[in-house]
Amino acid sequence: MPSLSSGLLGDLDPTSDRAVFRQIADQLREAIDRGRFKEGEKLPSEAELVEHYGVSRMTVRNSFSVLQGEGLVHAEHGKGVFVRPRPPVRRLASDRFARRHREQGKSAFIVEADAAGSHPQVDSLEVKEEKASQDVSTRLGSVRRVLARRRRYLLDGRPVEFATSYLPLDIARGTPIAEPNPGPGGIYARLEELGHRLDHFEEEIRARMPSPDEVRTLRLASGVPVIHLIRTAFDQEGRAVEVCDTVMAADAYVLSYQLPAT
């Protein structure tokens, strides 16, 4: 880590109305934004910042809390405070569900993991029949019961998203889709084998703060929001054949879209 005496951080402004801990947070944030502290790098310790700025430990801790709340840093007990890595996975909407990936036996998550150079895993898998919620029923054309597939996705051992797919029972019951492992290419490959050739997808996306359960499931640090995405898949007959409700750690993804100019 560069020395604080090398001009890495500035001085406090005693004439400013801005609280001292916020001034310190501002300077640390600027240093991170300018690349003076790299991803994964440890920030100066409490003791170093106390000496540099001539403030109390509590003031420094409050500064760290501001940056943690913004999702810029994370604390490791007994080790220090570190710059949080930037999102490693780019979800390219125009490519992730391309048929060529399914024909190669790859699901969208595996394609993205390969592009990021990460090791993909799936756990917390649950497959069962259940009553459709009002929202899912409406999206699937007023079905009453669905096959629900719940799973958590991990990259290099880190949970990054949790997803539940809902499929009409008249399509999924008694097929490989109802098995824990639906086979190469995932459930979209199986849907097409069953005659439901996919035509298009509709997605609704919003950002929000996570629920306590989502914090635990995704092991989210303080201040990290989630991306809540609901996708509906349609076959070439115009039928909705799947609704996927996904919650993603916002610090793990970049959502990339290509839009026509017409």
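Keep in mind that this is a model prediction, so the values were computed, not measured.
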First locate atom [atom1] of [X], then atom [atom2] of [Y], and finally report the distance between them rounded to the nearest 0.5 Å.
X: R29; Y: L72; atom1: CZ; atom2: CG; answer: 6.5 Å
X: F64; Y: L43; atom1: CZ; atom2: CG; answer: 5.5 Å
X: D213; Y: R216; atom1: CG; atom2: CZ; answer: 4.5 Å
X: D123; Y: Q121; atom1: CG; atom2: CD; answer: 7.5 Å
X: N62; Y: M58; atom1: CG; atom2: CE; answer: 6.5 Å
X: I187; Y: E193; atom1: CD1; atom2: CD; answer: 12.5 Å

Within the distance-only criterion (no hydrogens, no angle test), does the side chain of [X] pair as donor or acceptor with the backbone N or O of [Y] below 3.5 angstrom?
X: E214; Y: S211; answer: yes
X: E51; Y: E48; answer: no
X: Q23; Y: R18; answer: yes
X: T246; Y: A163; answer: no
X: R206; Y: L229; answer: no
X: T138; Y: Q134; answer: yes
X: Q27; Y: G10; answer: yes
X: T59; Y: V55; answer: no
X: D235; Y: R197; answer: no
X: E129; Y: L169; answer: no

Query raised in the report: Does the pair D135 and R139 meet the rule for a salt bridge (Lys or Arg N to Asp or Glu O under 4.0 Å), with working shown?
Result: CA-CA 6 Å; D135 180 65; R139 294 175 188 271; 2.9 Å; yes
Linking I/L/V/M/F/W/Y whenever any side-chain heavy atoms sit under 4.5 Å apart, do [X] and [Y] land together?
X: M209; Y: Y253; result: no
X: V247; Y: Y153; result: no
X: V136; Y: F162; result: no
X: L194; Y: V143; result: no
X: L218; Y: V122; result: no

Report task. Would you please classify the geometry between the F234 ring and the H200 ring as parallel, tilted or perpendicular, with 30° and 60° separating the classes? Result ->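 The rings of H200 and F234 lie parallel, inter-plane angle below 30°.
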Could you report the tightest heavy-atom contact between [X] and [Y], atom names first, then the distance?
X: R57; Y: A47; result: NH2-CB, 3.8 Å
X: T217; Y: R152; result: O-NH1, 2.8 Å
X: G223; Y: P225; result: O-CD, 3.3 Å
X: R84; Y: E39; result: O-CG, 4.3 Å

Report yes if some heavy atom in the side chain of [X] is under 4.5 Å from a heavy atom in the side chain of [Y]; otherwise report no.
X: L154; Y: V160; result: no
X: H196; Y: I171; result: yes
X: P44; Y: F37; result: yes
X: L9; Y: L49; result: yes
X: H228; Y: R208; result: yes
X: V66; Y: F21; result: yes
X: L167; Y: V146; result: no

Report task. Give a yes or no on whether a salt bridge exists between E130 and R150, defined as a side-chain N under 4.0 angstrom from a carboxylate O. Result ->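 So E130 pairs with R150 through a salt bridge.
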Query raised in the report: Aromatic ring centroids of F201 and Y188 under 6.0 Å?
Result: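 Yes: the rings meet the under 6.0 Å criterion.
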Requested in this report: Decide yes or no on side-chain contact (heavy atoms from CB on, under 4.5 Å) for L147 and Y166, but give the supporting numbers first.
Outcome: CA-CA 6 Å; L147 179 78; Y166 301 97; over 6 Å; no
Can you give me every donor-acceptor pair (side chain of residues 174-186, partner residue at least two apart or in another chain, under 3.5 Å) with its distance?
unit_1 : atom_1 : unit_2 : atom_2 : d
T175   : OG1    : A172   : O      : 2.7
T175   : OG1    : I177   : N      : 3.1
N181   : OD1    : G183   : N      : 2.9

Query - Any residue meeting side chain to side chain contact (heavy atoms under 4.5 Å, CB included) with E76, in chain and number order, not counting sequence neighbours - result: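 Applying side chain to side chain contact (heavy atoms under 4.5 Å, CB included) to E76 gives H74, K79, F82.
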Report task. Walk me through it: do R61 and E46 pass the test salt bridge (Lys or Arg N to Asp or Glu O under 4.0 Å)? Result -> CA-CA 7 Å; R61 289 172 185 170; E46 287 184 7; 3.1 Å; yes
Query - Check against side-chain hydrogen bond (donor to acceptor under 3.5 Å, both in side chains), D245 and T164 - result: CA-CA 5 Å; D245 190 324; T164 304; over 6 Å; no
Requested in this report: Using the salt bridge (Lys or Arg N to Asp or Glu O under 4.0 Å) rule, take D170 and R239 through it: C-alpha gap first, then chi angles, then the decisive distance, then the call.
Outcome: CA-CA 13 Å; D170 68 291; R239 181 180 180 182; 2.8 Å; yes
Query - R151 and S165: CA distance, side-chain angles, deciding distance, side-chain hydrogen bond (donor to acceptor under 3.5 Å, both in side chains) verdict - result: CA-CA 9 Å; R151 63 276 190 199; S165 288; 2.9 Å; yes
